[in-house]
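So the structure is just underneath, and the comments pick up after that.
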Amino acid sequence: QAFHSERRYDRTLSLFQEMIDRKLRIPPHAYNLVICGLCNEEKVNEAHRLLDDMLNKGYIPNLAIYTALIDAFFKVNNKEQALVLLKQVEDKGYRLDKVTCSTVINGLCKVGEVEKAKEFLGQSRETGLDVNAFSYCSIIDGLGKAGKIKEAEEVFEEMLERGCVRNAHCFNAFIDGLCKAAEMDTAMAVLRDMEKEGCEPTVYTYTILIDGLFKSHKSEEALKLWDEMIDRGITPT
RNA sequence: GCCGAACAUUUUG
């Protein structure tokens, strides 16, 4: 547990191996920790095998484990397996929660299936699931990276209509889309909206904008923003 | 309640 909390997954794993070697009985929670560790190291297939082990022993994996695996499959670009697991989870009668929902949405966006992600968001909302800022943020980010600024803006506005508070992640994702589309004036305007809405810009916000300004050959403005950032006590990473 | 999810710069040297 301690190794896991410190993200020392290699140590978690070797202890786990030791338990197996000594033929100790492995409690479900040990599986949870090791599966998460393997997922974080992109050893998805090993993680998936351990999930099967659990099932064979009659243990019931919780939703968090399935979510970690779905996320990991998306991160190694294996959309098919991710969706197979999602279907299994649904078939087993688990009630999806907001974390699983946003994991699926983020995964779909990252593999370039933003439209499917939007569909999933719509379905989730209809089934009464909380769709939170995480989910919207992934979609805004995905649309922005695909150059679909207009659509990104629509989703960004939709958040307000649906009463979902827009945090810095959402603003940053939207501003990033604008910068990548070289719409620097709008991007700067959104920065000011952000402040008006009471949302504090972060290092990410400034990095995104400064990078965009330089790439649009607006060095003076970029340097001005840099100073503004420093004045606010925000340190570049 | 806990565990599981989102944004930038760089990324073989």
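What you are looking at is a predicted structure, and each value in this text was computed from that prediction instead of being measured. Computed over heavy atoms, backbone and side chain alike; hydrogens, waters and symmetry mates excluded. Every chain is numbered from 1, with letters handed out A, B, ... down the list of sequences.
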Taking every heavy atom of Met194(A) against every heavy atom of Pro201(A), the minimum-distance pair comes out as CE-CA, 3.6 Å

Which whole-number value in Å describes the distance from Tyr66(A) OH to A5(B) P? 18 Å

Whole-Å distance, Ile105(A) CD1 to A6(B) P, equals 13 Å

Test item: Asp141(A) side-chain N/O and Cys137(A) main-chain N/O as donor-acceptor pair under 3.5 Å: no

Test of understanding: with ring-ring contact (aromatic ring centres under 6.0 Å, His included), list the residues that count as partners of Phe120(A), not counting sequence neighbours. none

For a quick check, tell me whether the side chain of Asn167(A) and the base of A6(B) share a donor-acceptor pair closer than 3.5 Å. yes

Could you tell me which residues satisfy side chain to side chain donor-acceptor pair (under 3.5 Å) with Thr186(A), sequence neighbours excluded, listed by chain and number? none

Among Gln81(A), Lys79(A), Lys87(A), find the one that has a side chain to side chain contact (heavy atoms under 4.5 Å, CB included) with Leu83(A). Lys79(A)

Picking from C7(B), G4(B), A6(B), which would you name as closest to the side chain of Asn172(A)? C7(B)

Expected list for residues 57-67 of chain A: side-chain donor-acceptor pairs under 3.5 angstrom, two or more places apart:
residue: Lys57(A); atom: NZ; partner: Tyr31(A); partner atom: OH; Å: 2.9
residue: Tyr59(A); atom: OH; partner: Ile26(A); partner atom: O; Å: 2.8
residue: Asn62(A); atom: OD1; partner: Ala64(A); partner atom: N; Å: 3.2
residue: Asn62(A); atom: OD1; partner: Ile65(A); partner atom: N; Å: 3.1
residue: Thr67(A); atom: OG1; partner: Leu63(A); partner atom: O; Å: 2.7
residue: Thr67(A); atom: OG1; partner: Thr100(A); partner atom: OG1; Å: 2.9

Between G4(B) atom P and His29(A) atom NE2, what is the distance in whole Å? 10 Å

Short of 4.0 Å, heavy atom to strand atom, which residues of residues 47-63 of chain A count as contacting RNA chain B? Asn62(A), Leu63(A)

Whole angstrom value for the distance that separates P of A6(B) from CG of Leu121(A): 16 Å

Donor-acceptor pair, distance only, cut-off 3.5 Å: does the side chain of Asn167(A) make one with the backbone of His169(A)? yes

For the side chain of Thr67(A), counting heavy atoms from C-beta on, which of A6(B), C7(B), G4(B) is nearest? G4(B)

Just checking, Arg166(A) and Tyr136(A): is the charged tip under 6.0 Å from the six-membered ring centre and within 45° of the axis? no

Fill in the dot-bracket string of RNA chain B, one character per base: . for unpaired, | for a pair to another strand, ( ) or [ ] for pairs within the strand, taking Watson-Crick or G-U pairs under 3.5 Å. .............

Taking only side-chain nitrogens and oxygens of Lys110(A), does any of them come within less than 4.0 Å of OP1 or OP2 of C7(B)? yes

May I ask you to say what Asn106(A) touches in the nucleic acid, namely base, sugar-phosphate or nothing, with a heavy-atom cut-off under 4.0 Å? sugar-phosphate

Which part of the nucleic acid does Thr202(A) contact within heavy-atom distance under 4.0 Å: base, sugar-phosphate only, or nothing? nothing

What contact category does Ala64(A) fall into here, base, sugar-phosphate, or nothing, at under 4.0 angstrom with non-hydrogen atoms? base

Pairwise N/O distances under 3.5 Å, protein to nucleotides 9-12 of chain B:
none

To the nearest angstrom, the CG-P distance between Leu86(A) and G4(B) comes to 19 Å

Using a distance-only criterion (donor-acceptor N/O pair, under 3.5 Å, no hydrogens), is the base of A5(B) paired with the side chain of Ser102(A)? yes

Given C7(B), A6(B), G4(B), which nucleotide is nearest the side-chain atoms of Asp97(A)? G4(B)

Between A6(B) (C1') and Lys98(A) (NZ): distance, integer Å: 14 Å

Write down the atom of Phe174(A), the atom of Ile149(A), and the distance for their closest heavy-atom approach. CE1-O, 4.3 Å

Starting from C1' on A6(B), measure out to CG on Leu108(A) and report it in whole angstrom. 14 Å

Can you list the steps and then say if Thr202(A) with Ile234(A) is a side chain to side chain contact (heavy atoms under 4.5 Å, CB included)? CA-CA 7 Å; Thr202(A) 66; Ile234(A) 297 175; 5.9 Å; no

Round to a whole Å and report the spacing from CZ of Phe3(A) to C1' of C3(B). 19 Å

Which class fits the ring pair Phe73(A) and His48(A): parallel under 30°, tilted 30 to 60°, perpendicular over 60°? perpendicular

The side chain to side chain contact (heavy atoms under 4.5 Å, CB included) partner of Thr205(A) among Leu191(A), Ile210(A), Val190(A), Asp176(A) is Leu191(A)

Linking I/L/V/M/F/W/Y whenever their side-chain heavy atoms sit closer than 4.5 Å, directly or via other members, would Val84(A) and Met54(A) fall into one cluster? no

For A6(B), take OP1 and OP2 only and decide whether either is under 4.0 Å from a side-chain N or O of Lys145(A). no

